[in-house]
Every structure is written in C-alpha cells, then in structure tokens.
Amino acid sequence: MIIKRTDSSNTDFQNLVKLLDADLAVRDGEEHEFYHQFNAIDMLKNCVIAYSEDRAVGCGAYKPFSEDAVEIKRMYTDEAMRGKGFASKILNELEVWAKEEGFSKCVLETGIKQPEAIALYEKNGYYRIPNYGQYIGIDNSVCYEKLL
C-alpha cells in the first residue's frame, strides 16, 4: 500500500470520486442532488490517494472548516478493496497532514445509509456531534468530530 498526497487536479483522485458519486447516487436516491452541491472537488488542495500494486483504490480529502478545524470530504474505497485497512490509512494521513498545517480537529458529515463509513469513523476515534451548517435538520445526515 502506498499513500500519496496530492490535490484535486490528480486524475486518479477524480476517477475515484466519480465512483464515489455513483455509489452515493444509489444510496441517497432523491436526496443525492442536495448533498452533491456541497461536494465539488475543483478547489480541494489536500487530497490523499491509496494505491495497491500501482492501482488507485481509495481516496479522501479535507478542506478548511474553521480557524482550527478541517472538514473531511470525499472518502472512498473501491468496493473490491474494502475491509483491508485502506480507508483507515487514508483517514490517518489526512489527520496527520491537517495537524502538520496547524489544525486541531476534524469534522465530517456522512449519511445514515452509509453504515461502513459510520463504522470507520467511530473505529478511528470520531464521536458524534450535532449536525452543523447545511446538515442541520437533515435526517439522513450524521456529523462527527475528532480532536487531533
């Protein structure tokens, strides 16, 4: 496994995000367009890609959320590669990178219909917080936080 730091201009990252969006369109159904508007990748400067045998198999990113926090975005692992630790490695690399840049916590939103994501975040020390920003009052959303 190789973990690479990059930005959203990376074509491997873009291709993985297309797979993520296709998966979320099925899971979120009619709510997909609501979520999609908050997930543009063109300005993401902090992206991570996991490679297995020179093949991009997972990704994640973060963007500044507040003075001391980043928001974890666009986490995805290829379906055939799930359960092998890639997502945790990607998440850890994002946290290390954010800490290196002076941030002290991560926040994120995921969906009730994504039990694998919920399990990943809780396994990695994230705890549930009240929904923030555009996710307030959205029943399908759950928000998490972790101090770095």
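Heavy-atom basis, side chains included; hydrogens, waters and symmetry copies ignored.
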Self-check item: Nearest-0.5 Å distance that lies between atom NZ in Lys4 and atom SG in Cys59
Solution: 13.0 Å
Quiz item: How long is the span from the OH atom in Tyr76 to the CG atom in Asn15, to the nearest 0.5 Å?
Solution: 11.5 Å
Practice problem: Indicate yes or no: at least one non-hydrogen side-chain atom of Leu91 is less than 4.5 angstrom from one of Tyr121. | Solution: yes
Practice problem: Take Leu20 and Leu16, measure what side-chain contact (heavy atoms from CB on, under 4.5 Å) needs, and give me the verdict at the end. | Solution: CA-CA 6 Å; Leu20 167 63; Leu16 287 164; over 6 Å; no
Quiz item: At their closest point, which heavy atom of Glu95 faces which heavy atom of Cys106, and how far apart are they?
Solution: CG-SG, 4.1 Å
Practice problem: Quick one: list whatever passes side chain to side chain donor-acceptor pair (under 3.5 Å) with Asn124, sequence neighbours left out. | Solution: Ser88
Quiz item: Does the pair Glu100/Arg5 count as a salt bridge with the N-to-O cut at 4.0 Å?
Solution: yes
Quiz item: Within a reach of under 6.0 Å around NZ of Lys89, are more than 12 heavy atoms found that belong to other residues, nucleotides or ligands?
Solution: no
Self-check item: Side-chain H-bond candidate by donor/acceptor type, Tyr132 with Glu71, under 3.5 Å
Solution: yes
Quiz item: Do Leu148 and Val107 belong together in a cluster built from hydrophobic side chains that touch within less than 4.5 Å?
Solution: no
Quiz prompt | Arg55 side, atom CZ; Met81 side, atom CE - distance, nearest 0.5 Å | solution = 5.5 Å
Practice problem: Please report the C-alpha distance between Met75 and Leu120 in whole Å, then the side-chain angles of each, then the deciding distance to 0.1 Å, and finally whether the side-chain contact (heavy atoms from CB on, under 4.5 Å) criterion is met. | Solution: CA-CA 10 Å; Met75 289 288 297; Leu120 167 73; 4.0 Å; yes
Quiz item: Any link between Leu108 and Phe103 through a network of hydrophobic side chains (Ile, Leu, Val, Met, Phe, Trp, Tyr) touching at under 4.5 Å?
Solution: yes
Show me, pair by pair, the donor-acceptor contacts under 3.5 angstrom made by side chains of residues 46-53, not counting sequence neighbours?
residue	atom	partner	partner atom	Å
Asn46	ND2	Tyr62	OH	3.2
Tyr51	OH	Asp12	OD2	2.6

Practice problem: For side chain to side chain donor-acceptor pair (under 3.5 Å), just list the numbers for Tyr144 and Glu122, CA-CA rounded to whole Å, side-chain angles, deciding distance to a tenth of an Å, and then say yes or no. | Solution: CA-CA 9 Å; Tyr144 285 86; Glu122 290 179 354; 2.7 Å; yes
Quiz prompt | Residue pair Asn131, Glu109: steps toward the side-chain contact (heavy atoms from CB on, under 4.5 Å) verdict | solution = CA-CA 8 Å; Asn131 287 9; Glu109 178 275 342; over 6 Å; no
Practice problem: Give a yes or no on whether Ile90 and Val70 share a hydrophobic cluster (residues Ile, Leu, Val, Met, Phe, Trp, Tyr; joining criterion: side-chain heavy atoms under 4.5 Å apart). | Solution: yes
Quiz item: Hey, any chance Val57 and Phe13 share a hydrophobic cluster, counting ILVMFWY side chains that come within less than 4.5 Å of each other, even indirectly?
Solution: no
Quiz item: Can you tell me how far NZ of Lys113 sits from CD1 of Ile118, rounded to the nearest 0.5 angstrom?
Solution: 12.0 Å
Quiz item: NZ of Lys63 to NZ of Lys45: how many Å apart, nearest 0.5 Å?
Solution: 11.5 Å
Quiz item: How long is the span from the CG atom in Asn10 to the CG atom in Leu44, to the nearest 0.5 Å?
Solution: 12.0 Å
Quiz item: Is it true that Leu147 and Ile72 fall in one hydrophobic cluster, defined by side-chain heavy atoms closer than 4.5 Å?
Solution: no
Quiz item: Is the backbone of Tyr127 close enough, under 3.5 Å, to the side chain of Glu145 for a donor and an acceptor to pair up by distance?
Solution: no
